[in-house]
There are 2 protein chains.
Amino acid sequence: MRHVAALAGVGVKTVSRVINGEPNVSAATIAKVEAAARTLDYQPDLHAGNLRRADGRTRTLGLLVGSVDNPFSGAVHRAVEDAALARGVSVFASSLDDDPDREQEAVSAFLRRRVDGLILTTISESQAYLAPELRRGTPVVFVDREPAGLTSDAVVSDNADGAALATRHLLEQGHRRIAYLGDRHDIQTARERHRGYLDELGRAGVSTRGQQIIEGLHNEATSRAATLALFDAPNPPTAIFSSQNLVTIGVIRALRELGRQHDTALVGFDDVPLGDLLDPGVTVVAQNPQEIGRTAAERVFARLDGDISAAARTIVPTQLLERGSGEIAPRAEG
Amino acid sequence: MRHVAALAGVGVKTVSRVINGEPNVSAATIAKVEAAARTLDYQPDLHAGNLRRADGRTRTLGLLVGSVDNPFSGAVHRAVEDAALARGVSVFASSLDDDPDREQEAVSAFLRRRVDGLILTTISESQAYLAPELRRGTPVVFVDREPAGLTSDAVVSDNADGAALATRHLLEQGHRRIAYLGDRHDIQTARERHRGYLDELGRAGVSTRGQQIIEGLHNEATSRAATLALFDAPNPPTAIFSSQNLVTIGVIRALRELGRQHDTALVGFDDVPLGDLLDPGVTVVAQNPQEIGRTAAERVFARLDGDISAAARTIVPTQLLERGSGEIAPRAEG
DNA sequence: TGTCGCCTTGACAACGATGTCATCGATAGG
DNA sequence: CCTATCGATGACATCGTTGTCAAGGCGACA
C-alpha cells in the first residue's frame, strides 16, 4: 500500500480510502490511485486491515464436515459456500473423519485464523471446550449432529423420526425380522437412528429381542462383511435398515454377492448416489444436505448480524423415497 | 497476548517465546505463561504474527475445484487436505462452476487473504493475470486442466490418451458408429478428450464424417436430452463415448428410459459413483483424483520449500475399467 | 471582506504479533 | 577479584492496514 501511495503521489490513508470506496476523495485522486494500484497489481491485505478494523471481521468461516469427499458433506459444503460467496466470505473446509483429535485440531486451526463463525460436525463427547469462544461472540452452528455439553444453534435431520419412518415402512410390507445395521455408537446421529428403529418396533408391538442389531459399522467394508455374516447365520433377516450411506452401499454389495438383492428388503438412511438407477432401486430416507448447509450458513450470518435470540435447533425434514428395495415383501417362511 | 503477559507478570515477548517454543525461557516462566494462557483461553492470532514474521507464511492454501459437491472434486480436495494437514496448513476451498467470473473472484479472495499457494482448476481463456503473483513467488499448481497464457506446474490426467483408449476399446468391440457426447468446448479437458476420440478414429481408418458428435453438454439434464434426441433420429449410434461423469450419468438415464442400456455400448470418461453396481456395469476410463490432489499439494509444498526447477506437467495415468457397458457388441444392422 | 463550514488530504497511533537489541545477573575462567 | 560469556527478559520498532484528528483550501453567506 505504501508503494501504491508513493507511485500515486498521495498518502497511504488516501489509498485506503480509494480501495475501500470511502467518500470524499476527488475524482482525479481516485483515478491516480487506481492507476497506480493496477500498475503494481496491488491486492489489499485483508488480515492486516482486519487487525485494525472496528468490526474485527475476517470474512472467513470454518466448516468441519464428515469428510469433504462424502456426498452428504459435499452437498452441505456447497450450500454453505454459496451462502458465503454472496457475502464475500471465504470458507475453510476440513474433514472430521469422526476422530476427536481431528476435531480439536481443526477447530483450533480455525480459531487461530480468527474465523468469524464456525459450522461444525462433531464427534467429541462434549463440545464444552467451545464455551469461551461462544462467550467471545463467535457464532457456532452445529450441523448434522447436535452438540453435547454446550448450548448453541444446531441444524439437523430428524434422525429418530426418519429411522422410525424407515422401520415403519418395512413393517408395513409385513417384515418382522428387520436387521439394524448401524454406525458407531459414539456418533450422536447413529444413536438417534438406533433409537428411532427400536421405538418404532416397540410401537408396532414387535419384539426387539429377536432382531439382529449390529452397530459400529463405519464404512463399506465393515458393513459388507457384517451383512455377509448375517446371511451366514441361522434365521437371516427378511429386511435390513441401514443407518448411513456408506453402510447402505456395503449392504448392497453384500446382497448382490449373495444374489439376494431381490428377496431381501432394504431401506437406507441418507441417500446414495445413483440410488434410483440400481436394480432394485434403493429405497432411502433421504436427508436434505443442501437445506442443512444453507440454513446453517443463514444462522451464522444472522448471528453475525446481531441476532441474539436463544440458541435454536432447526430440524430439516427427511423424505422417504420408495424406489423398490424397500417394497420387497418378506420371503415365505421355511 | 498482552492480557496473558499481564496475568503471568511477564513481558509480551516472553509470552511469544513460550507460545512458539523458543529456547532460553526458564521452566518457571514457561509454567506461569502456560497457566495464564489456559486461564484466558488464549489462541495466538496467526495473521497478526504473520504480518511481522520473517517467512511471511500464512499456512493457508487456496483450492479451486469444479464444484465441492462433485465426486471428482471431492476426492481431489480430500487429498489436498490430507497433505496440508500434515503441515499444519488450512485449505480454502471454492467451487469454480466453470464460470470465469467465479474464477477471478475466488483467486482474488485467496490472494487478498495471502494464501501461501494456489491449486487451481480454471475456465478462463488465459491465466496470464496470475503472472505478477507468480513472480512474487506464490506457487501456483493447476489441476485437472492445463493453464493457458502462463507457464506453471500442472497435474492432469492424460485426457487425449484416455479418450483414445475408450474409443479404441469400442472400436475393438466392432463398433463403427460411436457417438461422442462432450462437455463445453471452452473447457480444456473437453477439447483434449474430443481430440483423442477423433485421433483414434483416424488411426483406425474410420471416417469421422458419419459420427454423431455433440458438444456443449454440461450436466445430466442436457446430456440426457441429447441422448434421447440421438435415438429419435435416423441411424442411432451403436456405441457412445461420454466425456465427463455427469454426462455419463445423463446418458445412462436416457438409455434406461429407452430400454437400450443392454444394446448400446457406453464408455465414460471419469468414474461414476457405484458404476460397478449398475446393470450393466459402467465401463469407464477412470481418473485418479486422489493422486492428482496429492501430487498437486506436493508440488506446492516443494515450491514453498525452495524448489525452483522449471515448471513441470505431471500426468496421472488413467485406467480402463471394464464393467459391462463398454463390452456390448454392435447391434446387427437393419 | 471576514467567518463559517465543507471537502480533501495526510500525519499519527493502534491492531496483535515477532525481530532486534540492550540490559541484568549469574557463572566460569584467569 | 575482575572480566568475558551466556541465559533470561523486556523495550521498542515494525509488519500493512484503518480510525482519529487536525490542517489547508475553497466557496457561500452575511
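Convention: sequence-line order gives letters A, B, ...; per-chain numbering from 1.
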Among the nucleotides [options], which one has an atom lying closest to any side-chain atom of [X]?
X	options	result
Arg2(A)	dT18(C), dC15(D), dT9(C)	dC15(D)
Arg53(B)	dT18(D), dT18(C), dG16(D)	dT18(C)
Leu51(A)	dC15(D), dG10(D), dC15(C)	dC15(C)
Ser26(A)	dT9(C), dA17(C), dT18(C)	dT9(C)
Asn24(A)	dG10(C), dT17(D), dT8(C)	dT8(C)

Can we say [X] and [Y] salt-bridge, meaning some charged N sits less than 4.0 Å from an Asp/Glu carboxylate O?
X	Y	value
Glu105(B)	Arg112(B)	no
Asp55(A)	Arg57(A)	no
Asp97(A)	Arg78(B)	yes
Asp153(B)	Arg303(B)	yes
Arg299(B)	Asp307(B)	yes

Touch check for Pro44(A), heavy atoms < 4.0 angstrom, all strands: base, sugar-phosphate only, or nothing? sugar-phosphate
Subject >> Sugar-phosphate only, base, or nothing, as touched by Asn50(B) at under 4.0 Å among non-hydrogen atoms >> reply: nothing
Of Val155(A), Val65(A), Leu63(A), Val91(A), the one forming a side-chain contact (heavy atoms from CB on, under 4.5 Å) with Ile119(A) is Leu63(A)
Between the protein and nucleotides 23-26 of chain D, are there any N/O to N/O pairs under 3.5 Å, and if so, what are the atom names and distances?
none

Using nucleotides 20-28 of chain C, report all nitrogen or oxygen pairs with the protein that are shorter than 3.5 Å.
none

